[in-house]
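Data first, discussion second: the structure below is written as structure tokens.
What you are looking at is a predicted structure, and each value in this text was computed from that prediction instead of being measured. When a residue number appears, it is its place in the shown sequence, counting from 1.
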Amino acid sequence: MLAILGGSGLTQLSTLEVTRREVIRTPFGEPSGALTFGRLCGREVVFLARHGYGHTIPPHLVNYRANIWALAREAGADAIVAVASVGGIHSDMAPGTLTIPHQLIDYTWGRKSTFHESTDQPVVHIDFTQPYDAGLRSRLLDAATKSGVGVRDGAVYATTQGPRLETAAEIDRFARDGADIVGMTGMPEAALAREAEIPYAAIGVVANWAAGRGDNAQRIQFADLERVLTQGIGEVRRLLEHLCEAGAA
């Protein structure tokens with residue numbers, strides 16, 4: 001079963017043949033909403049909207065632990081594909097671009113970032129050298145090729161705290177650090193998936209230039225953001241359908 005975590009712009013899968021919805025309780029509280037189970041292009045899928053189905057949960061308040069636990073442990077998913085809207089930092093990451101990140105940098109703070117917090121249990125360290133699963137990334141890239149959806153292979157994802165957008169100076173710093181895109185939900189989601197030992201990969205939809213870049217040199221222009229995001233999410237849906245077709249074959 002494939003788990004899909006939908007971000008901004010992807011609060012539902014219109015082509016999902018829904019079979020049931022289930023409210024899940026986890027040792028870490030409630031996830032962002034009920035899990036939606038169904039079939040997409042012949043493959044079993046479980047879907048969860050990261051920010052809630054009404055997009056009411058800001059990135060710093062998402063219960064990432066409950067979300068990953070519900071998908072990996074309660075629903076029994078064998079892989080997670082996370083979809084997120086991001087800002088473009090690198091000149092190759094113009095609005096409308098889809099990318100499959102290969103690395104990330106975590107600038108968040110204060111978020112619950114591990115399942116292992118009990119002091120009466122051994123400390124747990126995970127290898128996070130490569131934060132995204134190579135096999136799942138490869139399957140996403142293959143599905144993009146077969147579906148005709150253009151994607152960029154690789155990007156360094158800078159994860160910020162939010163919910164405010166970044167300053168131009170912060171974006172300059174991220175660029176110096178090697179970041180290509182910026183978003184608010186990449187961590188601790190990826191690390192928790194690694195702790196849960198479930199393959200995890202992401203699709204970044206570049207909705208706008210980051211602060212100080214392109215037409216956002218002086219201030220963020222919100223006018224075209226929704227249109228660009230809607231178009232990009234349409235391409236993501238097509239990519240996911242081909243991914244599911246390949247998995248069901």
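A distance of 14.0 Å separates CZ in Arg73 from CD1 in Ile24, rounded to the nearest 0.5 Å. Interatomic distance, OH of Tyr107 versus CE of Met187, reported as 12.5 Å (0.5 Å rounding). Lys146 NZ to Leu243 CG: the interatomic distance, rounded to the nearest 0.5 Å, is 10.5 Å. Considering CD1 of Ile80 and CE of Met1, their distance stands at 12.0 Å, rounded to 0.5 Å. The CZ atom of Phe47 sits 10.5 Å away from the CZ atom of Arg21 when rounded to the nearest 0.5 Å. From Asp78, atom CG reaches atom CG of Leu136 across 9.5 Å, with rounding to the nearest 0.5 Å.
Counting only heavy atoms from C-beta outward, the side chains of Leu40 and Glu17 never approach each other to under 4.5 Å. Looking only at side-chain heavy atoms (C-beta outward), His60 and Arg111 come within less than 4.5 Å of each other. Between Thr99 and Tyr157 there is no side-chain heavy-atom pair separated by less than 4.5 Å. Residues Asp180 and Ile89 fail the side-chain proximity criterion, which asks for heavy atoms closer than 4.5 Å. Counting heavy atoms from C-beta on, the side chains of Thr185 and Arg50 come closer than 4.5 Å. Proximity of His90 to Thr97: side-chain heavy atoms (C-beta onward) are nowhere separated by under 4.5 Å. Side-chain contact check for Val205 versus Val86: every heavy-atom pair is 4.5 Å or farther apart. Side-chain contact between Ile203 and Leu140: present, with at least one pair of heavy atoms (C-beta onward) separated by less than 4.5 Å.
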side-chain contact (heavy atoms from CB on, under 4.5 Å) for Tyr64 and Leu5? Distances and angles first, verdict last.
CA-CA 11 Å; Tyr64 295 96; Leu5 260 171; over 6 Å; no

Dump the intermediate steps for side-chain contact (heavy atoms from CB on, under 4.5 Å) on Trp209 and Leu225, then the final yes or no.
CA-CA 9 Å; Trp209 285 113; Leu225 191 151; over 6 Å; no

With side-chain contact (heavy atoms from CB on, under 4.5 Å) as the test, would you mind laying out the steps for Asp153 and Val151 before giving the verdict?
CA-CA 6 Å; Asp153 179 2; Val151 299; 5.9 Å; no

Step by step, work out the side-chain contact (heavy atoms from CB on, under 4.5 Å) result for Lys112 and Glu117.
CA-CA 9 Å; Lys112 296 290 188 179; Glu117 289 188 327; 3.8 Å; yes

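Using modelled atom types, one side-chain atom of Thr145 and one backbone atom of Leu141 make a donor-acceptor pair closer than 3.5 Å. In this structure, the side chain of Arg20 does not engage the main chain of Thr36 through any donor-acceptor pair within 3.5 Å. Judged by distance alone, the side chain of Glu189 and the main-chain N or O of Gly186 form no donor-acceptor pair under 3.5 Å. The main-chain N or O of Ile57 is found under 3.5 Å from a side-chain atom of His51 such that the two form a donor-acceptor pair.
Between Ala155 and Ile181, the shortest heavy-atom contact is CB-CD1, 4.2 Å. Looking at every heavy atom in both residues, Ile126 comes nearest to Ala191 through CD1-O, 3.6 Å. Listed here is the closest heavy atom pair of Met93 and Gly154: CE-O, 3.8 Å. Nearest heavy-atom pair, Met184 versus Thr159, reported as atom, atom and distance to 0.1 Å: C-CG2, 3.8 Å. Between Ser85 and Leu229, the closest heavy-atom pair is CB-CD1, 3.7 Å. Heavy atoms only, all atoms of each residue included: Gly29 and Thr26 are closest at O-OG1, 2.6 Å.
Hydrophobic cluster membership is shared by Val62 and Leu192, with clusters built from Ile, Leu, Val, Met, Phe, Trp and Tyr side chains linked at under 4.5 angstrom. There is no path of hydrophobic side-chain contacts, each under 4.5 Å, that joins Val156 to Leu98. A single hydrophobic cluster is not seen to contain both Ile100 and Ile105; linkage of ILVMFWY side chains at heavy-atom distances under 4.5 Å, directly or through other members, places them apart. In the hydrophobic cluster analysis, where Ile, Leu, Val, Met, Phe, Trp and Tyr join through side-chain heavy atoms closer than 4.5 angstrom, Ile171 is grouped apart from Leu165. Linking ILVMFWY residues whenever their side-chain heavy atoms come closer than 4.5 Å, directly or via other members, leaves Val228 and Val182 in distinct clusters.
In this structure, Val124 shares a hydrophobic cluster with no other residue, the cluster being traced through Ile, Leu, Val, Met, Phe, Trp and Tyr side chains under 4.5 angstrom apart.
Under the 6.0 Å distance and 45° angle rule, Arg137 does not count as a cation-pi partner of Tyr132. Because its NZ or CZ atom is not both nearer than 6.0 Å to the ring centre of Trp69 and within 45° of the ring axis, Arg65 does not count as a cation-pi partner of that residue.
Of the N and O atoms on the side chains of Ser32 and Asn67, at least one donor lies less than 3.5 Å from an acceptor on the other residue. Side chains of Thr108 and Gln161: a donor-acceptor N/O pair is absent below 3.5 angstrom, by distance only. Glu241 and Ser147 are not linked by any side-chain donor-acceptor pair at a separation below 3.5 angstrom, with hydrogens and angles left out of the test.
Listed by chain and number, the residues in a side-chain hydrogen bond (donor to acceptor under 3.5 Å, both in side chains) with Gln130 are Gln103 (sequence neighbours excluded). Here Tyr200 pairs with nothing under the ring pair (Phe, Tyr, Trp, His ring centres under 6.0 Å) rule; sequence neighbours left out.
Contact check on Asp172 versus Arg176 returns no salt bridge, with no Lys/Arg side-chain nitrogen under 4.0 Å from an Asp/Glu carboxylate oxygen. Taking the charged nitrogens against the carboxylate oxygens, Glu235 and Arg237 have no contact shorter than 4.0 Å, which rules out a salt bridge. Note on Arg25 versus Glu74: no salt bridge recorded, every NZ/NE/NH1/NH2 to OD/OE distance being 4.0 Å or above.
The neighbour count for Gln231 CD, taken as heavy atoms of other residues, nucleotides or ligands under 6.0 Å away, does not exceed 12.
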